[in-house]
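In what follows, a structure is listed as structure tokens, so that the remarks can point back to it.
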Amino acid sequence: VTPAMPLLCVLAIFALATGRPHVESIFAQNTVLGAIGEGLKLNEYLALAVLNADRMVGCNFQQRTGTFFDEGLWQSGNTLETLSSLMIVTNMSAQWASVLETAYEKTNPIVDNCFDDHQWWLLAWVRAYELTNNTKYIQRAAIVFDFVVEKAWTAQCGGGVIWCPTEQQTTSRFLSLFPHATPPANGLYKNAITNELFLSSAMALHPYAALVGKAENFYLQWAQREWDWFAASGMTNANGLVNDGLTDQCTNNNQTTWTYNQGVFLSGLVRLTEATGNSTYVTAAARTANAAITLLSSDGVFKEPCTSCDQDQHLFKGIFVRHLTYAAPALHTLVPALTHFLTTNADSMIARAQCSNGAYGMMWQGPCMYPDAASESAALDLLLAAGVADQSAAEQRAGGLGGARDFGPNRGRVHTRSEEAVTFRPLGLGNCADSSRRSMANCFHPAFNATSCEALAARTIGVVGYDHSLICNGGTFCRIRTLGGKLACPSGWVYEEGAARDITEVIYAAQTLCFVKN
């Protein structure tokens with residue numbers, strides 16, 4: 001990356017915003033529920049991301065608290081950030097915007113106890129602003145940053161921000177991660193994640209300094225100050241991986257190289273290179289990204305370095321791939337395995353880690369284990385990241401927008417019927433319909449999984465498309481849209497009449513995807 005190579009492609013692919021006008025011009029807002037706008041085409045990964053998000057909102061979002069059930073408070077901030085990114089990428093701004101509004105109204109600017117907790121929500125509010133252009137979100141993000149500057153930056157170890165404000169909070173959290181280690185003697189712990197968040201938060205706010213009443217380079221200077229300290233701190237080891245934090249003597253404590261410690265600062269470093277023209281920042285990002293992909297993967301699948309992972313760690317890998325994707329356009333030549341890494345992990349998760357209730361477990365290599373809202377949030381990060389990377393690769397191959405690919409665990413497999421190849425592409429979130437929003441005649445079954453639904457649809461005479469739904473308790477239905485009449489339906493299926501002769505649109509239905517025959 002050189003000063004002559006701006007990151008405008010970041011805006012075009014994943015809206016790594018350098019200014020609100022770019023976001024508005026590239027992602028015009030769409031107000032039709034379930035409809036996919038003119039952002040990225042809805043490939044298989046993005047289709048699953050949309051379904052996953054709709055399930056998380058419908059099954060886990062709590063209107064009373066503005067947070068998600070079955071995940072930590074800090075994790076809910078992460079989920080909101082990714083939800084905003086998904087709405088930007090798919091141009092579905094109306095789909096879950098009310099979730100952001102409720103979260104804003106029901107939560108305080110300063111959440112939970114420790115300084116990393118607050119900054120996860122800071123990044124969520126920045127992303128919410130980039131989606132909605134509502135300045136209340138960016139103003140709240142600025143409030144959080146000022147709080148962290150005032151309360152967390154200390155002279156201990158020469159600078160940087162502390163993890164938690166009290167010795168009791170620090171000790172409790174430290175021992176939950178490292179039960180056999182000695183907690184910091186003075187209760188003030190300088191760890192990697194809180195400082196990486198401070199760097200990336202500063203650079204996320206940098207384009208909006210004037211909007212929140214700050215000097216032009218206020219956030220940029222804090223980011224540079226943070227990185228100068230972090231780079232000299234020794235937290236990055238000889239392999240290029242970042243350990244958990246510093247000892248009382250201000251040296252690397254050689255504790256676990258959590259996956260998210262390898263990811264959060266990637267977006268901040270890439271933004272620093274764009275803002276300053278200094279390529280050393282993106283070089284440092286590429287070194288750690290390459291090390292993480294190589295050293296924290298087994299057979300190409302990313303793994304958390306813990307033997308008994310707790311709920312916090314269920315989300316860590318998702319955070320890594322999120323920030324890797326924010327930085328991807330600047331890193332793709334420096335991290336050659338990036339796209340393959342993301343799609344390989346998504347393919348593994350789809351094929352091996354989905355549970356009987358439709359949720360994804362935390363182990364992307366499978367089998368399904370420990371599913372909760374945090375592992376679902378990480379899955380959303382991965383599906384969105386793979387969808388963006390796969391679409392970008394398709395554009396590069398074709399010189400334009402690539403076509404949608406086969407869906408789900410059967411990806412790459414062509415269904416055949418009477419020597420005719422049958423494939424489907426995802427159309428949107430909801431039931432299949434024509435341009436007049438009419439339903440097509442269909443064969444209906446109340447309990448059929450996605451893989452079987454697709455395979456049977458491919459063998460159905462007169463098939464035009466199909467809908468598949470996966471509801472909160474794991475229940476499913478399959479509706480095969482056909483012009484073949486009642487006789488086209490398999491034995492035991494219910495035939496439903498309809499007037500449509502083609503499928504061009506969707507009518508929003510919760511946790512349902514429509515696929516149309518190619």
Side-chain angles (χ1 to χ4, degrees), residues 33-34 45-87 90 92 94-107 120 124 128 311-312 314-315 317-319 322 346 349-350 353-364 368-384 387 408 426 428-431 446-451 453 467-479 506-514:
L33 288 179
Y45 304 117
L46 291 176
L48 282 174
V50 166
L51 179 62
N52 178 284
D54 206 49
R55 278 172 54 85
M56 286 206 71
V57 171
C59 305
N60 292 88
F61 187 68
Q62 303 173 106
Q63 293 287 335
R64 180 179 60 84
T65 63
T67 60
F68 290 85
F69 171 74
D70 203 25
E71 69 176 6
L73 182 55
W74 73 271
Q75 292 172 326
S76 284
N78 279 270
T79 302
L80 289 172
E81 180 186 354
T82 303
L83 197 63
S84 290
S85 290
L86 179 64
M87 285 188 277
T90 58
M92 297 173 72
Q95 191 68 42
W96 306 288
S98 63
V99 172
L100 302 176
E101 183 69 28
T102 301
Y104 180 88
E105 295 296 333
K106 298 294 185 178
T107 60
W120 297 117
Q311 187 188 48
D312 279 355
H314 288 189
L315 183 54
K317 297 192 303 294
I319 294 169
R322 184 193 321 150
M349 184 186 73
I350 292 166
Q354 192 168 26
C355 307
S356 59
N357 67 350
Y360 294 99
M362 76 150 294
M363 298 169 56
W364 292 346
C368 163
M369 293 184 70
Y370 318 121
D372 58 15
S375 65
E376 279 283 85
S377 186
L380 178 59
D381 279 313
L382 178 59
L383 293 167
L384 178 53
L429 184 66
N431 293 321
F448 226 63
N449 67 38
T451 302
C453 183
D467 318 340
H468 186 265
S469 180
L470 181 59
I471 60 179
C472 295
N473 65 3
T476 64
F477 74 71
C478 175
R479 189 172 267 118
V506 294
I507 300 173
Y508 174 68
Q511 302 156 43
T512 301
L513 283 173
C514 167

Just verifying a value: how many Å separate [X] [atom1] and [Y] [atom2], rounded to the nearest 0.5 Å?
X	Y	atom1	atom2	result
Leu429	Ser469	CG	OG	9.5 Å
Leu83	Asp54	CG	CG	9.5 Å
His314	Met363	NE2	CE	10.0 Å
Asp70	Asp372	CG	CG	5.0 Å
Met362	Ser375	CE	OG	8.5 Å
Trp96	Met56	CH2	CE	11.5 Å

Any side-chain heavy atom of [X] within less than 4.5 Å of one from [Y]?
X	Y	answer
Leu384	Leu46	yes
Leu73	Thr65	no
Glu71	Ser76	yes
Trp74	Asn78	yes
Leu315	Ser377	yes

Donor-acceptor under 3.5 Å ([X] side chain, [Y] main chain):
X	Y	answer
Gln75	Gln311	yes
Thr102	Gly66	no
Asn60	Phe69	yes

Does OH in Tyr370 sit with more than 12 non-hydrogen atoms of other residues, nucleotides or ligands closer than 6.0 Å?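 No, because the 6.0 Å sphere around OH of Tyr370 holds 12 heavy atoms or fewer from other groups.
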Report the C-alpha separation of His468 and Leu51 in whole Å, then their side-chain angles, then the decisive distance to 0.1 Å, and conclude whether the side chain to side chain contact (heavy atoms under 4.5 Å, CB included) test is met. CA-CA 10 Å; His468 186 265; Leu51 179 62; 5.8 Å; no
Does the side chain to side chain contact (heavy atoms under 4.5 Å, CB included) test come out yes or no for Thr79 and Glu376, once each step is laid out? CA-CA 9 Å; Thr79 302; Glu376 279 283 85; over 6 Å; no
Please determine whether side chain to side chain contact (heavy atoms under 4.5 Å, CB included) holds for the pair Arg55 and Leu470, giving the CA-CA distance in whole Å, both sets of side-chain angles, and the decisive distance to 0.1 Å. CA-CA 8 Å; Arg55 278 172 54 85; Leu470 181 59; 3.5 Å; yes
For Thr90 versus Leu86, what's the shortest heavy-atom pair and its separation?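 Thr90 and Leu86 have their closest heavy atoms at OG1-O, 2.7 Å.
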List for me each residue that meets ring-ring contact (aromatic ring centres under 6.0 Å, His included) alongside Tyr360, sequence neighbours excluded, and say none if there are none.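 Checked Tyr360 against ring-ring contact (aromatic ring centres under 6.0 Å, His included); zero matches.
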Does a donor on one side chain sit under 3.5 Å from an acceptor on the other, for Thr512 and Asp467?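 On atom types as modelled, these side chains do not qualify, holding no pair under 3.5 Å.
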Side chain to side chain contact (heavy atoms under 4.5 Å, CB included), that's the test. Do Leu48 and Gln354 meet it? Break it down for me. CA-CA 12 Å; Leu48 282 174; Gln354 192 168 26; 6.0 Å; no
Applying salt bridge (Lys or Arg N to Asp or Glu O under 4.0 Å), can you list everything that pairs with Glu81, at least two apart in sequence or on another chain?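 With sequence neighbours excluded, Glu81 shows a salt bridge (Lys or Arg N to Asp or Glu O under 4.0 Å) to Arg322, given in chain and number order.
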